[in-house]
S.K.: 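What follows is a single structure, and I will ask about it in a moment.
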There are 2 protein chains.
Amino acid sequence: MAEKRSDKTTITDVARHAGVSTATAGRVLGGYGYTSAENKEKVRLAAQALGYRANQLARSLITGKTRTIGVVAGDIQSPFYASVLRGIADVARAQGFGVLLTNSDERLEREIEAVQLLLEKQIDGLIVAPCDTSGARHLHDAAASGCPIVQIDRRVAGLAADSVTLDNRHAARDSIGRLIAAGHRRIGMIAELERFEFGDMEAFVDGVVAGSIDPETLFPSWQRLFGYIEAHIVHGISIDRSLIGRAGTYSGSAARAATMKLLQRADRPTALFTADGLMSAVAMDAITSLDLSLPDALSLICFDDLDWMRFLKPGITAIAQPLTEMGEAAARLILSRIGGEGSAEQHHVLTHTLALRGSVSAPQAIDA
Amino acid sequence: MAEKRSDKTTITDVARHAGVSTATAGRVLGGYGYTSAENKEKVRLAAQALGYRANQLARSLITGKTRTIGVVAGDIQSPFYASVLRGIADVARAQGFGVLLTNSDERLEREIEAVQLLLEKQIDGLIVAPCDTSGARHLHDAAASGCPIVQIDRRVAGLAADSVTLDNRHAARDSIGRLIAAGHRRIGMIAELERFEFGDMEAFVDGVVAGSIDPETLFPSWQRLFGYIEAHIVHGISIDRSLIGRAGTYSGSAARAATMKLLQRADRPTALFTADGLMSAVAMDAITSLDLSLPDALSLICFDDLDWMRFLKPGITAIAQPLTEMGEAAARLILSRIGGEGSAEQHHVLTHTLALRGSVSAPQAIDA
DNA sequence: TTGTAGGCGTTATCAC
DNA sequence: GTGATAACGCCTACAA
């Protein structure tokens with residue numbers, strides 16, 4: 001019959017009520033040290049009678065552990081982060097850990113603020129989708145100050161922290177390979193392709209061809225373009241740079257414009273590859289508004305497997321990322337680091353699945 | 001030039017380094033009380049030199065405020081909770097509050113555990129989508145212990161706590177009204193319809209007809225059914241209970257089976273109303289697999305406006321909930337309560353938007 | 001304006 | 001096994 005006092009019953013109250021010292025009360029309530037069965041029972045009863053609830057703040061202050069992990073997501077509203085977060089939260093809950101969530105909107109200033117907030121709240125570990133893969137001074141500092149970090153989706157160059165990412169390059173290369181095998185030679189691509197410091201698109205394509213670009217710490221959309229280019233190289237197909245549509249930072253309207261432009265050309269591509277979920281939805285919108293019928297007028301492979309891709313007619317062939325698994329892996333990693341695991345940094349690269357559906361066929365001649 | 005010591009620089013270190021007392025250091029670092037400009041500067045410099053970072057745990061322990069709000073969502077992976085959470089996080093961040101997230105999976109035991117965890121972490125307020133609208137002892141206790149609570153999506157009967165919900169009943173009534181106005185008389189419905197204690201479906205329909213059921217604390221899918229029934233009553237159309245498909249607790253397969261059964265009947269309905277996002281996706285899947293063409297063979301209105309509803313051909317007429325707004329409203333409410341606002345409990349009821357698209361037309365004769 | 005002293009609710013360290 | 005007592009890092013008196 002727990003009372004409902006104003007949330008103030010402390011361990012001292014319980015001790016007094018049970019007729020023991022605060023130390024003893026602490027031992028049974030905190031589950032550490034030795035206590036006689038008799039006192040254990042007395043304390044438990046007292047605690048229940050008073051409606052005692054442990055104050056983890058005080059505990060954390062002294063133990064130095066909060067059993068809380070911080071997460072900096074780009075935007076939880078997106079299916080990507082929502083699923084990853086689900087995986088994180090599940091693993092955390094199973095271990096009695098809490099999850100403190102923030103959004104960066106992929107903006108560095110936000111990320112810096114978020115990390116600061118989380119660190120001040122003394123999180124035991126940080127899972128972050130870094131939005132600057134080259135500098136990230138705040139992450140270096142956090143890591144140096146002893147806070148374990150796990151990166152997801154992309155990696156900061158030179159940061160000594162674990163990571164869980166996808167094999168973006170291979171996923172794209174395989175998919176483009178499928179299109180090429182189906183007979184396509186002009187394959188359009190719609191991708192975000194923001195934040196690239198090594199020059200412009202031309203320079204990037206040249207760099208990939210020349211083998212002078214390290215794909216490890218590129219943003220996913222660039223890694224996917226990397227795979228797109230590689231597939232062309234492997235099959236000896238020249239790259240028409242004008243078929244690569246850059247949508248810019250998660251802007252639906254820019255992506256739509258780029259797609260429309262690509263699909264309204266007289267020499268439009270016979271196949272299209274969209275580099276993430278947003279691009280896929282936008283492209284699909286453009287495709288239906290142009291009344292292009294899949295797969296006859298256009299073949300399509302999308303990165304990210306969204307639910308509608310299953311029940312459209314025809315179904316959309318899609319690259320599925322193991323999203324909750326990514327979150328789970330990240331959470332397991334951070335928990336093992338928190339647990340004291342001190343081995344060298346680990347970089348988990350997860351594998352995609354290609355969901356083959358009906359949106360790919362051999363190209364049709366566009367002009368009869 | 002912040003050093004990267006092992007996260008241990010305390011206010012005492014800063015004070016010593018600056019040559020002042022801990023009280024003075026605390027005053028400038030914590031931003032309270034009076035300090036001379038000279039000392040202010042000295043302390044700031046010392047703090048920066050040592051890489052000082054405030055320990056909010058210690059601060060919270062003494063102030064009794066953590067500047068953290070706890071959230072118990074059903075499943076962040078769903079677009080519904082993802083969007084609501086986004087709204088919550090935005091408002092919280094703007095006020096410097098953190099968000100501690102948990103999932104209940106709509107299971108009471110999980111919710112109880114989650115609330116316990118959050119309370120022990122001393123959250124300043126709780127936003128919860130309660131999964132039991134009748135008992136909820138843990139929520140009553142939490143409220144009694146002084147923790148402000150805001151309920152979202154549904155309300156616990158008799159719980160003295162604010163809420164933010166949708167006008168589910170009106171949204172459904174209006175939509176069904178549209179279908180009836182278009183000429184439909186046999187309108188199918190696919191809904192979750194779990195957790196109903198007042199009897200079975202028959203009893204519910206009878207209860208609504210008799211006006212003996214209070215819709216306030218029903219689960220959303222029941223409120224939507226309530227509106228469905230009301231629309232029929234208003235227009236003098238008798239209700240064929242066999243047209244109401246119960247899918248059970250968020251199970252895609254059960255929902256699909258129910259939909260298929262409904263749509264394969266000889267006397268199948270001429271219009272369909274799906275009561276939430278999952279039901280809509282599943283129904284759409286069934287519809288395309290049966291090759292029913294919208295809106296000729298079937299008219300369709302969906303609860304929850306998912307992105308694919310915009311670019312399908314025809315577009316799907318949908319009831320859009322203001323989801324991020326729901327989260328924002330909930331966060332604003334909880335923050336004002338935390339700020340000491342002591343007025344009577346507030347119940348915000350948000351209004352839906354009906355996105356009119358091409359999935360509704362007059363019914364066609366099924367057998368020629 | 002500044003410093004000293006006490007305490008927030010726990011856990012940790014000792015003697016007993 | 002148990003109970004004083006000192007931390008943990010900070011804030012809040014209060015006195016100077």
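Per chain, numbering begins at 1; letters A, B, ... match sequence-line order. If you're wondering where the values come from, they're calculated on a predicted model, not measured in any experiment.
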S.K.: Both B/Ala58 and B/Asn39 contact DNA chain C. Taking the nearest nucleotide for each, which residue is further toward the 5' end?
M.R.: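 Upstream on the strand: B/Asn39.
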S.K.: Of the nucleotides C/dT10, C/dA12, D/dG9, which one has an atom closest to the side chain of B/Leu61?
M.R.: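 Shortest atom-to-atom distance from the side chain points to D/dG9.
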S.K.: Among the nucleotides D/dC11, D/dT2, C/dT10, which one has an atom lying closest to any side-chain atom of A/Thr24?
M.R.: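 From the listed options, D/dT2 comes nearest.
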S.K.: Side chains of A/Phe80 and A/Asp153: closer than 4.5 Å at any heavy-atom pair?
M.R.: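 A side-chain contact under 4.5 Å exists here.
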S.K.: Give the rounded distance in Å between these two atoms: NZ of B/Lys42 and C1' of C/dT1.
M.R.: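 The distance from NZ of B/Lys42 to C1' of C/dT1 comes to 13 Å, rounded to the nearest Å.
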S.K.: If I take atom CD in residue A/Glu120 and atom P in nucleotide D/dC11, what distance separates them, rounded to the nearest angstrom?
M.R.: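 Rounding to the nearest Å, CD of A/Glu120 and P of D/dC11 are 11 Å apart.
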S.K.: What I'd like to find out is whether the side chain of A/Tyr52 reaches to under 4.5 Å of the side chain of A/Asp13, using heavy atoms alone.
M.R.: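 No; the side chains remain at least 4.5 Å from each other.
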S.K.: Side chains of B/Leu139 and B/Glu111: does their closest heavy-atom pair fall under 4.5 Å?
M.R.: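 Side chain of B/Leu139 against side chain of B/Glu111, heavy atoms only: contact under 4.5 Å found.
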S.K.: At 4.0 Å (heavy atoms only), tell me whether B/Thr35 reaches a base, stays on the sugar-phosphate, or touches nothing.
M.R.: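 Here B/Thr35 touches the backbone only, sparing every base.
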S.K.: Does B/Thr10 place a side-chain N or O at less than 4.0 Å from the phosphate oxygens OP1/OP2 of D/dC10?
M.R.: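 For D/dC10, OP1/OP2 do have a side-chain N/O of B/Thr10 under 4.0 Å.
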S.K.: According to a strict under-4.0 Å criterion, is B/Tyr32 in side-chain N/O contact with OP1 or OP2 of D/dT12?
M.R.: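 For D/dT12, neither OP1 nor OP2 has a side-chain N or O of B/Tyr32 closer than 4.0 Å.
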S.K.: Report yes or no: does A/Asp124 contribute a side-chain atom to a donor-acceptor pair with the main-chain N or O of A/Thr66 at less than 3.5 Å?
M.R.: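 Side chain of A/Asp124 to backbone of A/Thr66, a donor-acceptor pair under 3.5 Å: yes, one is there.
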S.K.: So if I apply the side chain to side chain donor-acceptor pair (under 3.5 Å) rule between B/Asp162 and each of B/His347, B/Gln151, B/Arg337, which one comes out positive?
M.R.: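 Single pass found, and it is B/Arg337.
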S.K.: Separation of B/Lys8 atom NZ from D/dC8 atom P, in whole Å?
M.R.: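 For the pair B/Lys8 NZ and D/dC8 P, the rounded distance is 9 Å.
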S.K.: The side chain of B/Ala23 is closest to which nucleotide in this list: D/dT12, C/dA12, C/dT1?
M.R.: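 Closest nucleotide among those given: D/dT12.
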S.K.: Measure the distance from CD1 on A/Ile11 to C1' on C/dT10 and round it to the nearest whole Å.
M.R.: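 Rounding to the nearest Å, CD1 of A/Ile11 and C1' of C/dT10 are 6 Å apart.
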S.K.: Checking only heavy atoms, does the side chain of B/Arg27 share a donor-acceptor pair with the base of C/dG3 at less than 3.5 Å?
M.R.: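 Flag set: donor-acceptor pair detected.
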S.K.: Provide, to the nearest angstrom, the distance between the CG atom belonging to A/Asn55 and the C1' atom belonging to C/dC8.
M.R.: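 Computing the A/Asn55:CG to C/dC8:C1' distance gives 9 Å.
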S.K.: Calculate the interatomic distance between A/Tyr34 atom OH and C/dA15 atom P; express it in whole Å.
M.R.: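 It works out to 18 Å between those atoms.
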S.K.: Whole angstroms only, please: what is the CD1-P distance between A/Ile62 and D/dC10?
M.R.: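 After rounding, the gap between these two atoms is 15 Å.
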S.K.: Measure the distance from CD on B/Glu41 to P on C/dT2 and round it to the nearest whole Å.
M.R.: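 Going from CD in B/Glu41 over to P in C/dT2 covers 13 Å.
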S.K.: Which listed nucleotide (D/dG1, C/dG3, C/dT11) is nearest to the side chain of A/Ser36?
M.R.: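 Closest of the options to the side chain of A/Ser36: D/dG1.
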S.K.: Please tell me which of the listed nucleotides, D/dC10, C/dT10, D/dA4, lies nearest to the side chain of A/Arg59?
M.R.: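 Nucleotide nearest to A/Arg59's side chain: C/dT10.
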